[in-house]
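These numbers were taken from a predicted model, which means no experiment stands behind them.
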Amino acid sequence: MKIRKTELIGRLRLDSEWLYGLNPVREALRAGRNIKCIFISYRRKDSVKEIKELAEKKEIPVIFKDAVFFDSRFKKGHQGIAAEVHHKEYTTLNEMLEIPFSNKEIPLFLIIDCLEDPRNLGAILRVADAAGVHGIVLQSHRSVTLSSEVSKVSAGAVEYVPVTMVSNIKHAINKMKETGIMIIGAEAESDKEFWQIDFIQPLAIVIGSEGKGIRKTVSEKCDIIVRIPMFGRINSLNVSVATGIILFEILRQRIFNNEKNKEIMRK
C-alpha cells in the first residue's frame with residue numbers, strides 16, 4: 001500500500017512512538033525494528049548516508065524537514081533525526097529464560113524493582129548490552145516503561161536487550177529459581193561485598209528503585225544480598241552506575257574462568 005506524505009507528516013498515530021537521535025534510529029534500522037518513516041533535518045541531508053541507504057534498502061520512507069519540526073517535538077539531543085516506529089515489543093518471561101540456553105551461555109538477568117526514571121533505565125540498558133545480559137525484568141505497575149527517552153539514553157541498546165514486563169516480579173523470581181537461577185539482591189545494608197560471590201553460575205541480579213532500594217518482600221526472595229563498599233562522603237551511587245559495577249565483576253569472573261563456564265554448560 002502506498003503511503004501518502006501527508007499521512008506521514010501529521011500527528012503520531014496511536015500504534016506508533018517516536019525515536020529520536022542518531023544512535024537510536026540507526027540501531028533500530030540495523031536491528032530490524034518496524035519503522036514507518038524516518039525524518040531527517042535539511043541540515044543533515046548529506047551527513048547521514050548510512051541511514052538513508054539502510055532506509056532505502058528496507059523501503060522505509062524518508063522525509064526531510066526543517067529545524068522547527070524537530071525542536072517542537074523532541075527534547076534536546078534529537079540531532080536532526082527521528083523515526084516513527086511501532087511500539088517496542090516486550091519479550092515474555094518464558095522466551096527470555098530460553099535465550100541463554102539457546103546460545104549455550106550461562107544465564108545472566110537483571111530484575112529491576114520499581115525503577116521510575118526513564119534515564120536510569122536507558123543507562124542500565126546500555127550497560128546491560130555491554131555486559132552481555134540476557135534480559136531485564138520490569139514490573140508493570142509503579143515502574144518505568146520503554147519509551148523514546150529510554151531509547152535515546154540507551155544509545156540504541158534497547159533494540160538488543162530483551163525486556164519483559166510482569167505483573168509481579170516475585171512470581172518471576174520464583175520461576176527463575178525453578179530453573180536453577182540464583183537470585184542476588186544489591187543493597188547497601190548487606191555485610192557481604194559483591195566480589196565475594198561466585199558469579200560463575202546462572203544468576204539474576206535484583207536492583208532496587210532510586211532512593212528506596214529493593215522492597216522488603218522482594219529482598220526476602222533473594223538467595224543472597226550483596227553491597228558495593230563505599231568510602232566517600234556521599235554514601236550512594238546512581239542505580240545505573242551500581243548496576244554496571246556489579247555486572248562487570250560478573251563479566252570479569254566469567255572471562256577468567258572459562259573452563260569452569262564450559263563445565264557448567266555441560267551439566
Side-chain angles (χ1 to χ4, degrees), residues 96-97 100 105-117 119-139 143-144 154 157 161 163 169-170 172-265 267:
M96 183 179 289
L97 291 174
E105 296 171 345
I106 300 173
L108 176 57
F109 299 102
L110 281 177
I111 300 170
I112 304 178
D113 186 23
C114 296
L115 193 75
E116 296 177 350
D117 189 335
R119 295 187 62 82
N120 280 334
L121 179 56
I124 288 171
L125 279 160
R126 191 168 183 175
V127 76
D129 177 60
V133 170
H134 295 109
I136 293 176
V137 178
L138 299 175
Q139 187 157 282
S143 179
V144 65
S154 80
V161 182
V163 178
I169 61 173
K170 287 171 279 194
I173 288 172
N174 289 338
K175 179 75 173 178
M176 287 180 164
K177 285 187 173 185
E178 288 171 7
T179 64
I181 294 171
M182 176 175 277
I183 311 299
I184 299 178
E187 280 278 71
E189 303 305 318
S190 174
D191 58 357
K192 190 180 291 291
E193 277 79 20
F194 71 100
W195 55 64
Q196 294 178 299
I197 305 302
D198 177 7
F199 288 132
I200 310 164
Q201 55 190 306
L203 296 174
I205 306 299
V206 183
I207 305 295
S209 63
E210 307 91 344
K212 296 178 182 178
I214 303 171
R215 289 173 294 163
K216 184 179 178 182
T217 55
V218 174
S219 66
E220 288 171 350
K221 290 277 184 182
C222 296
D223 296 303
I224 302 173
I225 302 291
V226 298
R227 72 184 181 98
I228 299 172
M230 286 175 277
F231 301 97
R233 293 174 182 266
I234 302 172
N235 195 29
S236 66
L237 289 171
N238 173 274
V239 63
S240 63
V241 173
T243 302
I245 290 170
I246 294 172
L247 287 180
F248 278 91
E249 170 59 17
I250 295 170
L251 189 60
R252 185 195 69 80
Q253 287 191 23
R254 292 184 176 189
I255 287 172
F256 285 99
N257 290 274
N258 198 39
E259 287 305 313
K260 190 172 180 180
N261 289 349
K262 290 176 182 177
E263 183 182 337
I264 289 171
M265 290 311 298
K267 290 181 178 178

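Considering all non-hydrogen atoms of both residues, Glu187 and Ile225 come closest at CB-CG2, 3.6 Å. Annotation for Ala186 and Ile246: closest pair CB-CD1, 3.7 Å, computed over non-hydrogen atoms. What you find for Ile169 and Ile112 is that their closest heavy atoms are CD1-O, 4.5 Å. Annotation for Ala242 and Ile228: closest pair O-CD1, 3.6 Å, computed over non-hydrogen atoms. A pairwise comparison of heavy atoms in Arg254 and Ile106 identifies NH1-O, 3.1 Å as the closest pair. In terms of heavy atoms, Ser143 sits closest to Cys114 at CB-CA, 4.2 Å.
Of the residues Leu110, Ile184, Ile197, Asp223, the one that meets the side-chain contact (heavy atoms from CB on, under 4.5 Å) test with Leu203 is Ile184.
In this structure, Ile124 and Leu115 have side chains that are in contact, with non-hydrogen atoms separated by less than 4.5 Å. At a threshold of 4.5 Å between non-hydrogen side-chain atoms, the residues Leu121 and Leu138 count as touching. Contact of the Val226 side chain with the Trp195 side chain is not registered, since no non-hydrogen atoms from C-beta on lie closer than 4.5 Å. Between Lys221 and Ile183, the closest side-chain pair of non-hydrogen atoms is not below 4.5 Å.
By the 4.0 Å N-to-carboxylate-O rule, Asp113 lies too far from Lys212 to be salt-bridged with it. A salt bridge links Glu193 to Arg227: one of the charged nitrogens lies within less than 4.0 Å of a carboxylate oxygen.
The CD1 atom of Ile250 sits 11.0 Å away from atom CG of Asp198, with the distance rounded to the nearest 0.5 Å. Lys170 contributes atom NZ, which lies 12.5 Å from atom CD1 of Ile111 (distance to the nearest 0.5 angstrom). Considering CZ of Phe256 and CG of Leu251, their distance stands at 9.5 Å, rounded to 0.5 Å. Taken from CD1 in Ile205 to CZ in Phe199, the straight-line distance is 5.5 Å, to the nearest 0.5 Å. Interatomic distance, OG of Ser240 versus CD1 of Ile245, reported as 9.5 Å (0.5 Å rounding). Here Leu247 contributes atom CG and Ile207 contributes atom CD1; the two are 7.0 Å apart, rounded to the nearest 0.5 Å.
Heavy-atom neighbours of Lys192 NZ from other residues, nucleotides or ligands within 6.0 Å: at or below the threshold of 12.
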Checklist entry - Going through the distances and angles, do Asn120 and Val144 end up as a side-chain contact (heavy atoms from CB on, under 4.5 Å)? => result CA-CA 9 Å; Asn120 280 334; Val144 65; over 6 Å; no
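Looking at His134, its side chain does come within 3.5 Å of a backbone N or O of Leu108 through a donor-acceptor pair.
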